[in-house]
Amino acid sequence: MKNSVYMTWAKHHASARYNLANSGILGCEPGDLPMTAGDLALNGPNHEGYAPLKEAIAAKYGVSADRVVPAQGTSMANFLAMATVLDRGDEVLIEQPTYDPLLAALKYLGAEIRRFPRSFENGYRIEPEELSRGITPRTRLVVATNPHNPSGVAMEPSAFERVGEIARAAGARVLLDEVYRDILFEEAPPVAASLGPQFITTGSLTKSYGLSGLRCGWILCDPDLAERARRLNDLFGAVGSMPSDALSVAAFRNLHLLEARTRSLIEPNRELVRRFLREHGDLLDCVVPPRSMIVFPRLRGRNDSDPLHDRLRLLETSIVPGRFFEAPRHFRLGFGVKTEDVAEGLQRLSQALRAQE
Ligand SMILES: Cc1ncc(COP(=O)(O)O)c(C=O)c1O
């Protein structure tokens with residue numbers, strides 16, 4: 001099957017009254033984004049991406065507009081970046097655990113896949129030694145998520161340089177999916193693509209801003225690769241969606257408001273989740289990142305989180321079973337939704353956890 005088992009599951013089985021399976025911030029309502037009639041457009045000059053949008057993305061992330069390739073969400077940005085860099089049979093080194101569609105896209109593209117571990121024991125950090133061990137002269141691309149899906153752990157700023165050096169020495173590029181970056185707020189390091197030509201960043205307005213519906217995504221990379229990605233995109237999207245791109249420009253203009261909304265959701269919820277994890281330390285171990293809207297707890301004394309998931313479904317609550325991240329003892333818990341729903345969902349999770357004792 002040409003698919004991502006996780007994405008198919010997420011589309012059809014993840015939603016619930018108390019949705020702790022969602023990894024992003026609660027979707028915006030129209031009132032969350034100030035818009036005027038002038039922000040709407042049906043058609044317009046969009047052959048190589050809508051220039052005002054490319055400029056807004058470039059300004060936000062500190063790169064020039066010729067390094068921006070718009071794409072439909074981070075999903076298409078990832079696929080397009082990988083398809084641009086890789087030929088069938090090329091070797092790729094990708095983190096484990098990771099976001100399944102990345103792995104599925106690499107399989108679809110016929111890459112020869114190698115893995116490097118991000119382990120619970122090492123706080124899910126990217127260990128340069130592990131990268132060095134996994135990389136070979138045949139590696140064309142290193143792939144990771146930052147912050148990490150599923151653990152929420154963000155790379156330390158010093159790690160970027162080491163990772164870049166290791167990849168450069170092997171003649172490989174590094175694709176960092178930075179879709180969760182902006183929830184680090186003022187602590188967010190520069191996007192990887194601004195650090196050197198071997199880095200490729202992908203991102204979108206989906207996870208940190210609750211604007212999945214706009215499908216506003218991007219690749220940031222060196223200008224030559226960006227041009228190759230645009231030419232390949234002639235086969236896929238060809239042109240962008242003008243209504244969507246025009247509204248995305250409005251979103252960038254109002255990013256400070258969206259950021260404040262995101263912060264107001266995450267901060268109280270993070271405290272709830274931390275307390276929950278402390279109170280359930282007899283049942284769960286967890287790496288708790290200083291800033292995130294997801295965590296990846298590990299069950300104590302159990303090998304599989306599916307039974308917990310099944311019990312929770314009966315309580316109208318969802319989590320993501322760890323098997324979708326090749327780590328069945330774990331589950332992913334997202335807390336970017338309404339605070340009262342997180343509170344109730346956690347209570348139900350507590351009930352389901354205690355019931356299995
Ligand atoms: C790491 C990662 N990349 C990409 C996506 C999808 O992003 P988008 O909705 O912008 O395509 C997700 C969604 O869960 C994700 O976790």
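Worth knowing before you read on, the calculation uses all heavy atoms, side chains too, and leaves out hydrogens, waters and symmetry mates. Ligands are counted one by one from 1 in listed order, and the atoms in each one are counted from 1 as well. Because the structure is predicted, anything quoted here is derived from the model rather than measured.
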Check: Does K338 come within less than 4.0 Å of E344, counting only side-chain N to carboxylate O?
Finding: no
A student checking ligand 1 against V179 at a 4.0 Å heavy-atom cut-off should list atoms 1 (C), 2 (C), 3 (N), 15 (C)
Check: V142 and E95 side chains under 4.5 Å, non-hydrogen atoms: no
| message | Would you say D39 and T36 are linked by a side-chain donor-acceptor pair, where the criterion is simply a distance under 3.5 Å? | response | yes
Under 4.0 Å from one or more heavy atoms of T145, ligand 1 contributes atoms 1 (C)
Atom 1 (C) of ligand 1 has as its nearest protein heavy atom D177 OD2, 3.2 Å
Query raised in the report: Does the pair R291/E186 count as a salt bridge with the N-to-O cut at 4.0 Å?
Result: yes
inquiry  = Are any of the N/O atoms on R215, whether in the backbone or the side chain, positioned under 3.5 angstrom from an N/O atom of ligand 1?
reply    = yes
Counting from 1 in the order shown, the ligand 1 atoms closer than 4.0 Å to a non-hydrogen atom of Y180 are 1 (C), 14 (O), 15 (C), 16 (O)
Looking only at protein heavy atoms, what sits closest to atom 7 (O) of ligand 1 is T74 CB, 3.6 Å
Ligand 1 to S23, heavy atom cutoff 4.0 Å, flagged ligand atoms 14 (O)
Given the options I200, T201, L225, I219 meets side-chain contact (heavy atoms from CB on, under 4.5 Å) only with I200
**OP:** Would you check if there is a donor-acceptor pair between the side chains of S4 and Y99 at a distance under 3.5 Å?
**Re:** no
The atoms of ligand 1 lying under 4.0 Å from a heavy atom of G73, numbered in the order shown, are 10 (O), 11 (O)
re atom 11 (O) of ligand 1, the protein heavy-atom contact at minimum distance is S75 OG, 2.5 Å
So the atoms of ligand 1 within less than 4.0 Å of a heavy atom of S204 turn out to be 10 (O)
The closest protein heavy-atom partner of atom 5 (C) of ligand 1 is Y99 OH, 3.4 Å
message = Does this structure show an ion pair linking E279 with R354, if we count only N-O contacts that are shorter than 4.0 Å?
response = no
Between I183 and K207, is any pair of side-chain heavy atoms under 4.5 Å apart? no
heavy-atom search around atom 13 (C) of ligand 1 in the protein gives K207 CE, 2.9 Å
